[in-house]
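Residue numbers run from 1 in the order of the sequence given. The analysis underlying the following values was restricted to heavy atoms, covering all of them including side chains, and did not include hydrogens, waters or symmetry mates.
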Amino acid sequence: MRMTQNKQLILDALASVSGDEFLPAVTIAEKLNKRMSDVARTLRLMDEQGLVVSKLRDVSVERPGIGFYTRSLKCYQRADVA
């Protein structure tokens, strides 16, 4: 397993939140100013490698024209916190 720059950026972004908080991929992508699809793919790989832990969480999502609604999203946390 190679520690790439993107993996390190994601770990740093996850380290900046409180200990028990899980973040969805879209939030991490926004923090890093990266494409969500790239961040989500890297997070799935990091989950398989044991660098992060994922859980399904109900998240409030805003959709223009529709408003807010609740959706189950896979959210992530650093593995050393869990």
Side-chain angles (χ1 to χ4, degrees):
M1 165 184 63
R2 211 174 87 218
M3 180 56 71
T4 63
Q5 182 181 4
N6 282 339
K7 288 179 186 177
Q8 189 59 55
L9 286 171
I10 290 170
L11 288 174
D12 292 344
L14 288 171
S16 69
V17 297
S18 67
D20 60 346
E21 188 175 356
F22 282 76
L23 295 179
V26 66
T27 302
I28 297 167
E30 288 171 355
K31 283 179 171 260
L32 300 175
N33 198 28
K34 301 267 187 188
R35 288 189 341 192
M36 206 288 284
S37 59
D38 293 340
V39 171
R41 182 177 52 244
T42 302
L43 281 165
R44 285 191 301 272
L45 177 63
M46 292 172 71
D47 193 15
E48 291 173 9
Q49 294 172 340
L51 296 171
V52 297
V53 176
S54 64
K55 288 190 178 180
L56 279 179
R57 299 285 180 152
D58 289 335
V59 177
S60 181
V61 178
E62 181 180 13
R63 184 115 186 232
I66 295 175
F68 286 94
Y69 64 98
T70 301
R71 181 175 172 192
S72 287
L73 294 177
K74 191 180 266 192
C75 297
Y76 298 88
Q77 178 185 69
R78 286 177 63 115
D80 54 11
V81 175

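Of all the heavy atoms in Ala25 and Val39, the pair that sits closest is O-CG1, 4.0 Å. The two atoms that bring Met36 and Ala29 nearest to each other are CA-CB, 3.7 Å, heavy atoms only. Of all heavy-atom pairs between Arg57 and Cys75, the closest is CB-SG, 3.8 Å. A pairwise comparison of heavy atoms in Ala13 and Ser16 identifies O-OG, 2.6 Å as the closest pair. The shortest heavy-atom contact between Arg78 and Asp12 is NH1-N, 4.3 Å.
Under the 4.5 Å side-chain criterion, counting only non-hydrogen atoms from C-beta, Ile10 is in contact with Thr42. For the pair Tyr69 and Val61, the minimum side-chain heavy-atom distance is below 4.5 Å. Met3 has its side chain within reach of Leu11: a pair of non-hydrogen atoms, C-beta onward, lies under 4.5 Å apart. Between Lys34 and Asn6 there is a side-chain heavy-atom pair separated by less than 4.5 Å. Between Val17 and Lys31 the shortest side-chain heavy-atom distance falls below 4.5 Å. Within the 4.5 Å cutoff, side-chain heavy atoms of Leu45 are placed close to those of Lys7. At least one side-chain heavy atom of Asp58 sits less than 4.5 Å from a side-chain heavy atom of Ser72.
When hydrophobic clusters are built by joining Ile, Leu, Val, Met, Phe, Trp and Tyr residues whose side-chain heavy atoms come closer than 4.5 Å, directly or via intermediates, Leu9 is grouped together with Leu43. Hydrophobic clustering of Ile, Leu, Val, Met, Phe, Trp and Tyr side chains at less than 4.5 Å, counting indirect connections, keeps Val59 apart from Ile28. The hydrophobic cluster containing Leu32 also contains Leu51, counting ILVMFWY residues as joined when their side-chain heavy atoms lie under 4.5 angstrom apart, directly or transitively.
Interatomic distance, CZ of Phe22 versus CG of Leu56, reported as 11.0 Å (0.5 Å rounding). One finds the CZ atom of Arg71 at 12.0 Å from the OG atom of Ser60 (value rounded to the nearest 0.5 Å). Taken from CD in Glu48 to OG in Ser54, the straight-line distance is 10.0 Å, to the nearest 0.5 Å.
Heavy-atom contacts from other residues, nucleotides or ligands closer than 6.0 Å to CD of Gln5 number 12 or fewer.
A salt bridge does not link Asp47 with Arg44: every distance from a Lys NZ or Arg NE/NH1/NH2 to an Asp or Glu carboxylate oxygen is 4.0 Å or more.
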